[in-house]
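A short worksheet on the structure shown next.
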Amino acid sequence: MKRVLSIQDISCVGKCSLTVALPVLSAAGLETAILPTSILSTHTGFPGFTFRDLTDDIQAITDHWKDRKIEFDGFYTGYLGTVEQIAHVERIFREFRRPGQLRFVDPAMGDNGKLYVGFTPDFALRMGKLCGAADIIVPNLTEAVFMLGEPYPEGPCGEEYVRSLLKRLCGLGCPTAVLTGVSFEPGRCGVAAYNSQTGAFTTYFSEYLPVSFHGTGDVFASACFAGLMCGQDLNDALKTAVEYTVESIRRTISYPDHNWYGVDFETAMPLLLKLLKK
Ligand code: PXL
């Protein structure tokens with residue numbers, strides 16, 4: 001069985017980060033080790049959340065793993081709370097390096113043109129450097145432009161802009177960049193990807209659902225990483241992740257009293273497993 005390591009926070013309530021990654025990756029048949037970087041009472045969309053920074057524990061935890069010769073086939077990082085945590089991730093990438101590994105970075109930092117509470121433009125630029133050490137990154141438009149130090153575009157983004165943005169993202173140093181939340185026509189939404197080594201530009205679109213929930217980026221990233229680790233090529237992994245995310249949202253809004261803070265990725269799991277088998 002492949003062993004992967006997911007590095008991100010635990011938001012105790014809120015259906016995001018590790019409470020999404022762990023069940024999704026385990027269901028995909030991956031042994032999933034976790035490195036919790038902080039513990040929050042809820043994700044930062046709830047007013048008054050508590051935040052326990054675990055940065056000071058990271059060195060000892062990873063030293064122990066090295067001592068026990070524990071190795072990983074892939075890394076998936078998400079929300080990181082501090083610049084020191086980003087530096088630890090870079091160190092972990094270096095110290096646990098092995099041929100054939102996949103370094104998957106979701107620079108989870110913001111949405112809808114704004115960074116989440118607690119993040120600054122300088123932090124976003126620092127996250128851009130971490131993306132340079134990844135094999136694949138999956139920002140949304142907000143995260144992409146903040147990492148590049150560019151203005152958030154007014155109005156809809158056309159294909160030409162998305163292609164050039166993806167090339168600039170690969171300029172950070174990662175061979176493959178995926179942009180999430182892309183739409184070129186009404187009613188359709190999905191992702192666009194660029195592989196700077198082959199020059200291949202690809203897209204995958206599904207039904208656009210006119211709602212917005214926290215944690216959908218984490219559902220997408222977890223499923224995309226799962227697909228790649230289970231041997232899917234990028235196009236198939238993007239399809240798996242988009243369709244699983246859309247189904248999770250569809251199920252959420254099918255309940256009139258659904259919660260506002262996360263999506264029902266749990267009951268959509270059978271679709272994920274079906275898509276992963278293809
Ligand atoms: O879903 C991304 C995420 C992860 N972790 C924390 C968050 C968010 C989004 O708001 O607040 C703590």
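Order of appearance sets the numbers: ligands from 1, and atoms from 1 within every ligand. One-based numbering along the sequence shown. Keep in mind that this is a model prediction, so the values were computed, not measured.
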Practice problem: List in chain and number order the residues that pass side-chain contact (heavy atoms from CB on, under 4.5 Å) with Asp73, two or more places apart in sequence or in another chain; answer none if no residue qualifies. | Solution: Lys2, Arg3, Arg98, Met229
Exercise. Kindly write out the residues that satisfy salt bridge (charged side-chain N to carboxylate O under 4.0 Å, His left out) with Glu84, not counting sequence neighbours, or none if the list is empty.
Key: none
Exercise. Could you pull out every protein residue that has a heavy atom closer than 4.0 Å to ligand 1, ordered by chain and then number?
Key: Asp9, Ser11, Cys16, Ser17, Leu40, His43, Thr44, Tyr79, Tyr116, His214, Gly215, Asp218
Exercise. Please identify each residue that fulfils side-chain contact (heavy atoms from CB on, under 4.5 Å) with Phe205, with sequence neighbours left out.
Key: Val182, Phe184, Arg188, Thr203
Self-check item: Side-chain donor-acceptor pair present, Ser254, Arg250, cut-off under 3.5 Å
Solution: no
Quiz item: Phe220 versus Asp106: any side-chain heavy-atom pair under 4.5 Å?
Solution: no
Practice problem: Show the numbers, then the answer: is there a side-chain hydrogen bond (donor to acceptor under 3.5 Å, both in side chains) between Asp9 and Ser11? | Solution: CA-CA 6 Å; Asp9 71 283; Ser11 290; 2.7 Å; yes
